Amino acid sequence: MPKRTPSDETAAVASAFATWLRRRREERGMTQEQLAHQSGLSRNQIQNLENNRNNNATGRSSANPSLDTILALESALGLQLGELLLEVRRFMESPER
């Protein structure tokens, strides 16, 4: 089954997520390696998320983390269930973006 190209909205959220994740990690004084260790993800996964990359062949890169990945990041960043997505949405709507 061919992979579908992300919608414009998905691409916008993925871009904001990438920027938000890097800033949140840096605000906590964490390296990519430290976040990877605390979340149980690989440093490569963290790097790909922060750079809004995935391994698809659609020609339009847009990180699309699984629910397991989001939950792992929430835990490692000290967030409660669902807070990560709310914070990314607020970040998208903020002038600091």
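Just so it is clear, the model here is predicted, and its values are computed rather than measured.
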- Message: Test side-chain contact (heavy atoms from CB on, under 4.5 Å) on Arg53 and Gln47; report intermediate values, then the result.
- Response: CA-CA 8 Å; Arg53 287 192 309 244; Gln47 185 178 43; 3.9 Å; yes

- Message: Using side-chain heavy atoms (C-beta onward) and a distance below 4.5 Å, is Arg28 in contact with Gln34?
- Response: no

- Heavy-atom nearest pair, Arg89 first then Val13, reads NH2-CG2, 4.2 Å

- Note on the structure: CD1 of Ile46 to OG of Ser39, rounded to nearest 0.5 Å, is 4.0 Å

- Task: Could you grab the distance from atom CD of Glu87 to atom CG of Leu77, nearest 0.5 Å is fine?
- Result: 8.5 Å

- Examine Leu81 and Leu67 and state if one hydrophobic cluster contains both, with Ile, Leu, Val, Met, Phe, Trp and Tyr joined whenever side-chain heavy atoms are less than 4.5 Å apart. yes

- Calculate, to the nearest 0.5 Å, the distance between atoms CH2 and CG belonging to Trp20 and Leu49 respectively. 11.0 Å

- Item | Exam field: side chain Glu93 to backbone Arg90, donor-acceptor pair closer than 3.5 Å | no

- CZ/Arg23 to CZ/Phe91 distance, rounded to the nearest 0.5 angstrom? 4.0 Å

- Item | Non-hydrogen atoms of Arg43 and Ala36 that approach each other most closely | N-CB, 3.5 Å

- Message: So Leu35 and Leu21, do their side chains get closer than 4.5 Å, heavy atoms only?
- Response: yes

- Task: Could you tell me the separation between the CG atom of Leu71 and the CG atom of Leu79, rounded to the nearest 0.5 Å?
- Result: 11.0 Å

- Message: Which heavy atom of Ile70 sits nearest to which heavy atom of Leu84, and what is that distance?
- Response: O-CD1, 4.0 Å

- Message: Just verifying a value: how many Å separate Ser42 OG and Glu33 CD, rounded to the nearest 0.5 Å?
- Response: 10.5 Å

- Item | Donor-acceptor pair between Gln32 and Glu50 side chains, under 3.5 angstrom | yes

- Item | Nearest non-hydrogen partners of Arg25 and Met30, listed with the distance | NH1-O, 2.8 Å

- Test item: Asn52 and Thr19 side chains (from C-beta on) under 4.5 Å apart, heavy atoms: no

- For Glu74, does its backbone N or O pair with a side-chain atom of Glu83 as donor and acceptor, under 3.5 Å? no

- Would you say the side chain of Glu26 lies within less than 4.5 Å of the side chain of Arg22, judging by non-hydrogen atoms? yes

